[in-house]
Amino acid sequence: MPHHRRAMRPMKITKLTTYRLPPRWMLLKVETDAGISGWGEPVIEGKARTVETAVQEFEPYLVGQDPARINDLWQVMYRGGFYRGGAILMSAIAGIDQALWDIKGKALGMPVYQLLGGLVRDRMKVYSWVGGDRPADVIADIRRLREGGFDTFKMNGSEEMGLIANAATVDAAVARIAEIRAAFGMEIEFGIDFHGRIGAPMAKVMLRELEPYRPLFVEEPVLAEQDECYARLAQHTAIPLAAGERMYSRFEFKRVFQAGGLAIVQPDLSHAGGISECLKIAGMAEAHDVALAPHCPLGPVALAACLALDFVSHNAVLQEQSMGIHYNKGGELLDYVVNREDFHIEGGYIRPLPKPGLGVVIDEARVIEASRNAPDWRNPLWRHADGSLAEW
């Protein structure tokens with residue numbers, strides 16, 4: 001472990017390099033003149049090239065600067081360009097922020113969670129996605145994952161649903177959930193993700209019909225841009241409501257916390273300004289008695305950043321992770337990781353990553369090789385029966 005006084009000698013950022021990777025990820029390497037590099041994961045799924053450009057546009061603000069001044073660099077990126085916020089800019093900042101924390105931890109020879117005040121728990125509960133968007137195989141998926149020690153899952157709650165849907169569509173969505181509960185009883189817990197596919201008029205109907213099956217939570221019952229509905233919907237259901245993957249700063253979350261309605265908040269550490277911003281969002285959530293469950297259907301650096309936050313946040317209850325999820329075509333989370341044993345999940349829990357910084361050792365040669373012909377991932381476009389665009 002390096003001696004602290006020597007480790008804290010001044011250093012400068014020298015270079016930022018982005019790598020777009022299969023299945024739909026992007027990694028960022030931030031280098032310094034001290035020979036210490038940090039990794040981040042700035043990406044919006046389906047908009048990797050746009051975020052890549054945003055990272056490159058931040059480069060002149062960063063090269064030559066002291067990477068230890070994370071707070072100042074964050075404010076320069078956020079406030080220094082006049083226009084701010086939103087999915088693209090906040091995702092670019094997020095990945096850079098992760099890399100800066102990684103550098104600082106490596107320079108001090110300590111995991112990031114130690115720099116943030118140390119552990120509040122010994123292990124973190126993780127859950128897994130099951131099934132795809134048209135899953136006939138959810139039950140088989142759950143059986144397979146249960147053998148790996150998982151007992152908590154998340155699945156999509158419905159296919160396309162119009163603003164006003166017929167009873168058969170509602171019944172089909174509810175029947176699927178009923179079947180899963182019947183197959184496993186109360187041996188498993190599951191959240192249901194509506195993906196914002198359901199408008200406010202149908203959300204109330206769906207929540208009422210799903211209540212007997214006791215889901216752990218319902219996620220994005222309506223889109224984040226309809227967040228004024230969350231408090232109203234919460235008054236009509238005993239199911240905890242969750243949202244936050246499409247909110248990008250504490251300023252957006254502020255209004256949601258003030259209005260009430262959410263039981264679980266799900267910021268994405270690769271979309272919502274990184275560790276620095278999500279630490280503040282987590283604190284705001286705790287002050288409102290709201291649980292934290294970071295969104296993370298992404299790669300290894302994003303997961304490592306989430307875990308750093310989970311292990312210092314008292315209100316963290318669940319961690320999403322993407323090992324083996326249905327979106328991962330052509331790349332798996334641990335493909336790019338050298339220290340795979342540190343990511344071992346046992347009994348549905350993961351322990352703090354022990355290595356300095358974010359705790360993930362990236363296989364750089366594999367990253368470079370995979371980035372040579374990375375596909376451009378896009379989410380599907382769905383349409384209703386009448387030909388109008390449906391939410392995916």
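Around atom CD of Glu346, no more than 12 heavy atoms belonging to other residues, nucleotides or ligands sit under 6.0 Å away. With a 6.0 Å radius and a threshold of 12 heavy atoms from other residues, nucleotides or ligands, Leu381 has its CG atom at or below the threshold. Taking a 6.0 Å sphere around NZ of Lys29, one finds it holds more than 12 heavy atoms contributed by other residues, nucleotides or ligands. Within a 6.0 Å sphere centred on CZ of Phe184, other residues, nucleotides and ligands contribute more than 12 heavy atoms. Arg214 CZ: 12 or fewer foreign heavy atoms inside a 6.0 Å radius.
Within the 3.5 Å criterion, the main-chain N or O of Ala365 finds no donor-acceptor partner in the side chain of Glu369. Within the 3.5 Å criterion, the main-chain N or O of Ala173 finds no donor-acceptor partner in the side chain of Arg176. In terms of modelled atom types and a separation under 3.5 Å, the side chain of Asp310 and the main chain of Ala316 share no donor-acceptor contact. Although no hydrogens or angles enter the test, the distance criterion places no donor-acceptor pair under 3.5 Å between the side chain of Arg123 and the main chain of Pro352. Between the side chain of Arg250 and the main chain of Met284, no donor-acceptor pair closer than 3.5 Å is present. At least one donor-acceptor pair closer than 3.5 Å links the side chain of Arg181 to the backbone N or O of Tyr213. A donor-acceptor pair under 3.5 Å links the side-chain atoms of Asn339 to the main chain of Val361, judged by distance alone. Arg69 contributes no side-chain N or O that, together with a main-chain N or O of Leu73, makes up a donor-acceptor pair within less than 3.5 Å.
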Under 3.5 Å, which donor-acceptor pairs do the side chains of residues 78-93 form with other protein atoms, sequence neighbours left out?
{"from": "Arg79", "atom 1": "NE", "to": "Gln75", "atom 2": "OE1", "distance (Å)": "2.7"}
{"from": "Arg84", "atom 1": "NE", "to": "Phe82", "atom 2": "O", "distance (Å)": "3.4"}
{"from": "Arg84", "atom 1": "NH2", "to": "Arg79", "atom 2": "O", "distance (Å)": "3.4"}
{"from": "Ser91", "atom 1": "OG", "to": "Ala87", "atom 2": "O", "distance (Å)": "2.6"}
{"from": "Ser91", "atom 1": "OG", "to": "Ser270", "atom 2": "O", "distance (Å)": "3.4"}
{"from": "Ser91", "atom 1": "OG", "to": "His271", "atom 2": "ND1", "distance (Å)": "3.4"}

Candidate pair Asp193 and Trp129, rule side chain to side chain contact (heavy atoms under 4.5 Å, CB included), full reasoning: CA-CA 10 Å; Asp193 189 354; Trp129 261 96; 3.6 Å; yes
Verdict with reasoning, Leu233 to Leu241, per side chain to side chain contact (heavy atoms under 4.5 Å, CB included): CA-CA 8 Å; Leu233 289 171; Leu241 301 183; 3.9 Å; yes
Side chain to side chain contact (heavy atoms under 4.5 Å, CB included) between Asp72 and Asp66, intermediate numbers included: CA-CA 10 Å; Asp72 182 58; Asp66 179 358; over 6 Å; no
Intermediate values then yes/no, salt bridge (charged side-chain N to carboxylate O under 4.0 Å, His left out), Lys15 and Glu59: CA-CA 8 Å; Lys15 190 179 180 188; Glu59 196 167 13; over 6 Å; no
Stepwise salt bridge (charged side-chain N to carboxylate O under 4.0 Å, His left out) check, Asp141 with Arg146: CA-CA 9 Å; Asp141 252 14; Arg146 285 191 78 200; over 6 Å; no
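Sorted by first then second residue, the ring-ring contact (aromatic ring centres under 6.0 Å, His included) pairs that include residues 281-322, not counting sequence neighbours, are Phe257-His288.
Using modelled atom types and a 3.5 Å distance limit, the side chains of Trp74 and Glu277 yield no donor-acceptor pair. Remark: the Gln266 side chain and the Glu219 side chain contain an N/O donor-acceptor pair separated by less than 3.5 Å. Checking Asn315 against Ser313 by side-chain atom types alone, no donor-acceptor pair falls below 3.5 Å. Residues Thr14 and Asp33 have side chains that never bring a donor and an acceptor to within less than 3.5 angstrom of each other. Checked by atom type, the side-chain pair Thr237/Glu211 shows a donor-acceptor distance below 3.5 Å.
Closest approach of Ala183 and Ile139 over heavy atoms only: CB-CD1, 4.0 Å. When all heavy atoms are compared, the tightest approach of Glu41 to Gln98 is N-OE1, 2.7 Å. Considering every non-hydrogen atom in both Ile239 and Leu207, the closest pair reads CD1-O, 3.7 Å. In terms of heavy-atom proximity, Glu52 sits nearest to Thr18 at OE2-OG1, 2.8 Å. Taking all atoms of both residues into account, the shortest heavy-atom contact from Ser249 to Ile281 is C-CD1, 4.1 Å. Nearest heavy atom pair, residue Val301 against residue Gly40, reads CG1-CA, 3.6 Å.
Asp227 CG to Leu262 CG: the interatomic distance, rounded to the nearest 0.5 Å, is 8.5 Å. Note: Leu353 CG to Met124 CE = 12.5 Å, rounded to the nearest 0.5 Å. Annotation: the span from Lys104 atom NZ to Ile36 atom CD1 amounts to 12.0 Å, rounded to 0.5 Å. Of the inter-residue distances, the one linking Ser37 atom OG with Lys106 atom NZ reads 6.5 Å to the nearest 0.5 angstrom. How far CG of Leu334 is from CD of Glu341: 10.0 Å, rounded to the nearest 0.5 Å. Distance check, rounded to the nearest 0.5 Å: CG of Asp363 to CG of Asp335 gives 9.5 Å.
At a threshold of 4.5 Å between side-chain heavy atoms, the hydrophobic network of Ile, Leu, Val, Met, Phe, Trp and Tyr places Leu303 and Val338 in two separate groups. Under the 4.5 Å side-chain heavy-atom criterion for ILVMFWY residues, a single connected hydrophobic cluster contains both Trp25 and Tyr19. Both Ile368 and Tyr336 belong to a common hydrophobic cluster when Ile, Leu, Val, Met, Phe, Trp and Tyr are linked at side-chain heavy-atom distances under 4.5 angstrom. Under a hydrophobic-cluster definition in which Ile, Leu, Val, Met, Phe, Trp and Tyr are linked whenever side-chain heavy atoms come within less than 4.5 Å, directly or via other members, Leu358 and Val120 are assigned to different clusters. Side-chain heavy atoms closer than 4.5 Å link hydrophobic residues (I, L, V, M, F, W, Y) into clusters, and following such links, even through other members, never connects Tyr127 to Phe153.
Proximity of Gln65 to Lys12: side-chain heavy atoms (C-beta onward) are nowhere separated by under 4.5 Å. No side-chain heavy atom of Gln56 sits under 4.5 Å from any side-chain heavy atom of Leu16. The shortest side-chain heavy-atom distance between Leu292 and Val317 does not fall under the 4.5 Å cut-off. Contact of the Pro221 side chain with the Tyr230 side chain is registered, since non-hydrogen atoms from C-beta on lie closer than 4.5 Å. For the pair Trp39/Leu28, no side-chain contact is recorded, criterion being any heavy-atom separation below 4.5 Å from C-beta on. For the pair Met11 and Ile103, the minimum side-chain heavy-atom distance is below 4.5 Å. Taking 4.5 Å as the limit, every side-chain heavy atom of Met206 sits out of range of all side-chain heavy atoms of Arg208. Taking 4.5 Å as the limit, some side-chain heavy atom of Ile350 sits within range of a side-chain heavy atom of Leu307.
Here Asp342 pairs with Lys355 in a salt bridge; the nearest charged N to carboxylate O distance falls below 4.0 Å. Ion pairing of Lys125 with Asp151 is present here, as a side-chain N (NZ or NE/NH1/NH2) and a carboxylate O approach within less than 4.0 Å.
For Arg49, the salt bridge (charged side-chain N to carboxylate O under 4.0 Å, His left out) partners at least two apart in sequence or on another chain are Asp376.
Paired with Phe150 under the rule side-chain contact (heavy atoms from CB on, under 4.5 Å), one option of Ile345, Val130, Ile188, Ile142 passes, and it is Ile345.
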